[in-house]
Number of protein chains: 2
Amino acid sequence: MGLIHVMGFAVTIHENEKARIPFAEQAYSELKRQILTNELPHGSQFLEQEIAEQLSMSRTPTREAMVRLANEGLVEVRPRHGMRVLPISPKDMAEVYGIITALESSAAGILAGMDLSEDGLQSLMKAVDDMDTALEHDDLNSWVIADYEFHRQMVVLTGSVRMLQLVDTFRDQIHRVRMTTLHMRPKPYKSNEDHRAVVAAILARDVKKARDIQRNHQEMAAKMLIKLLNENHMTHI
Amino acid sequence: MGLIHVMGFAVTIHENEKARIPFAEQAYSELKRQILTNELPHGSQFLEQEIAEQLSMSRTPTREAMVRLANEGLVEVRPRHGMRVLPISPKDMAEVYGIITALESSAAGILAGMDLSEDGLQSLMKAVDDMDTALEHDDLNSWVIADYEFHRQMVVLTGSVRMLQLVDTFRDQIHRVRMTTLHMRPKPYKSNEDHRAVVAAILARDVKKARDIQRNHQEMAAKMLIKLLNENHMTHI
DNA sequence: ACTTTCAATAACGTATACTTAAACTTAAAT
DNA sequence: ATTTAAGTTTAAGTATACGTTATTGAAAGT
């Protein structure tokens, strides 16, 4: 059984169709899926009972899933009001981007400073190529996937499972905003350039440069998105 | 009721002795306390039942606490083996320090780039002074507390609650190691210097310098601790 | 002795039952 | 009419009950 990450979703592959998935786990991934796809829109609230019924299981595993989602910052659990899908404000965006920026710029520096495998390098360059192709075809959906893959792969290659888990978690937190703003923002030509530049810096083993480019890239992205939110009076998405 | 963080412990202050604390919450903080103080040593294992009895409550809130601790990386929960306090390897230390370094160096940069309040600045300088005093008196316990306070305060001042929660979590993960190595390492004169230098860079509004000093400071600390662990064949603490 | 099979045990996952107290209703009083 | 107080409802927190299945230990076979 393996896990593949696609756009923040943990997709489970059943190789030996043996292990049955515990209800608590099912509840967690199903709820998370519903939140990320906006099936459960921000602000919507549900009592334990309601969720349990919707998932056709008892409150016990439901509750466990809710606790986990709350820890991840996707929902809020208030004692007699159930679980509420948290909206994201510009301030939240700034915080989350601040964390992702810190982690990913560090990751870029780590890659520049280590012996990166040929395969690893290829996976990065493939992601950038995919981004270019997607942009040529004006295929924004493919572009997000490739972009996501690039950022994720960079952290994967550092070998830090903790760092990977963190960026995954925080990317999930702002997934909704990224998707809704995707068609409102200018075409991301600059992003592709930046990514190529990061790869170049990694290849040149220039640690500081790799960090700086990645940091700047993220800071620009955050600035643009937050500006977009404010201009469109989307104070909480 | 307020929370004060001292050395990774969330100490609850009962001001209006009104709100009763849910068992799940009690279980969480009590178990966490026991793990951080080494009352539950690394590697030790406990069944849900045993923990529930020790805390004189049922398995339900106990289980909830275990899930949360597992999410934080302090314990591991394996289906029929109960909860096991996770040991920390040099590789774990490297990962955790990698994350703290990324976050705190970013935090230092943020402080240098923003209008820091007079109070905020004072709190940082006070922590450095406390570190000096502690070192003069050869009082390592006070030194750790002041050091902890400095690092924590830096993140507090950025205003990012998410970043604060992260560094708290990861600091907790390596708390044991820091405490056991405290008396094995050379006197931390260099740390105090570094901290002063960071404050100076923040005052000078030199963003890059603040980041660089903080990063270097942490990287040196990590290197030293990991070396110490390896030299003393402490492969998992 | 060492491995393998099978049965007994018990730990976990989940459901359900119970208790408490917050939130809502209704009624009374100003 | 607005606030206050009492009563009712019900969601959450916790305990307990139950079924399933991994683990363990003994017995049988090599």
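Lettering of chains follows the sequences in order, A, B, ..., and the numbering in each one begins at 1. Only this structure's heavy atoms are used, side chains among them; waters, hydrogens and symmetry mates stay out.
The separation between B/Met57 atom CE and C/dT19 atom C1' is 17 Å, rounded to whole Å. The distance between atom CG of A/Leu47 and atom P of D/dT10, rounded to the nearest whole Å, is 12 Å. Remark: C1' of D/dT14 and OH of B/Tyr28 are 20 Å apart, rounded to the nearest angstrom. What separates CD of B/Gln49 from P of C/dG13 is a distance of 14 Å, to the nearest Å. With rounding to whole Å, B/Glu53 atom CD is found 13 Å from D/dA15 atom P. Nucleotide C/dT14 holds its C1' atom 15 Å from the CD atom of A/Glu25, rounded to whole Å. If you measure from atom CZ of B/Arg80 to atom P of D/dA22, you get 7 Å, rounded to the nearest angstrom. In this structure, CZ of B/Arg78 is placed 12 Å from C1' of D/dT23, rounded to the nearest angstrom.
Taking side-chain N and O atoms only, B/His81 has no distance below 4.0 Å to OP1 or OP2 of D/dA22. Residue A/Arg20 places at least one side-chain N or O closer than 4.0 Å to OP1 or OP2 of C/dT14.
Remark: the A/Arg59 side chain and the D/dG13 base include a donor-acceptor N/O pair separated by less than 3.5 Å.
Between A/Ala107 and A/Thr158, the closest heavy-atom pair is CB-CG2, 3.7 Å. Considering all non-hydrogen atoms of both residues, A/Arg176 and A/Leu36 come closest at CG-O, 4.4 Å. Of all heavy-atom pairs between B/Leu47 and B/Glu50, the closest is N-OE1, 2.7 Å.
Against DNA chain C, the stretch residues 60-69 of chain A makes heavy-atom approaches under 4.0 Å through A/Thr60, A/Pro61.
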I would like to know whether B/Glu72 and B/Tyr28 meet side-chain hydrogen bond (donor to acceptor under 3.5 Å, both in side chains); could you show each step before the answer? CA-CA 11 Å; B/Glu72 283 185 27; B/Tyr28 169 78; 2.2 Å; yes
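Judged by distance alone, the side chains of B/Glu104 and B/Gln218 do bring a donor and an acceptor atom under 3.5 Å apart.
Salt-bridge formation is detected for the pair A/Arg215/A/Glu219: a Lys NZ or Arg NE/NH1/NH2 atom is positioned less than 4.0 Å from an Asp or Glu carboxylate oxygen.
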List the atom pairs, with distances to 0.1 Å, where a side-chain N or O of residues 77-92 of chain A and a protein N or O form a donor-acceptor pair under 3.5 Å, not counting sequence neighbours.
from: A/Arg84; atom 1: NH1; to: A/Glu76; atom 2: OE1; distance (Å): 2.7
from: A/Ser89; atom 1: OG; to: A/Lys91; atom 2: N; distance (Å): 3.4
from: A/Ser89; atom 1: OG; to: A/Asp92; atom 2: N; distance (Å): 3.1
from: A/Ser89; atom 1: OG; to: A/Asp92; atom 2: OD2; distance (Å): 3.1
from: A/Lys91; atom 1: NZ; to: A/Glu95; atom 2: OE2; distance (Å): 3.4
from: A/Lys91; atom 1: NZ; to: B/Gly159; atom 2: O; distance (Å): 3.1
from: A/Asp92; atom 1: OD1; to: B/Arg162; atom 2: NH1; distance (Å): 3.2
from: A/Asp92; atom 1: OD1; to: B/Arg162; atom 2: NH2; distance (Å): 3.4
from: A/Asp92; atom 1: OD2; to: A/Ser89; atom 2: N; distance (Å): 3.0

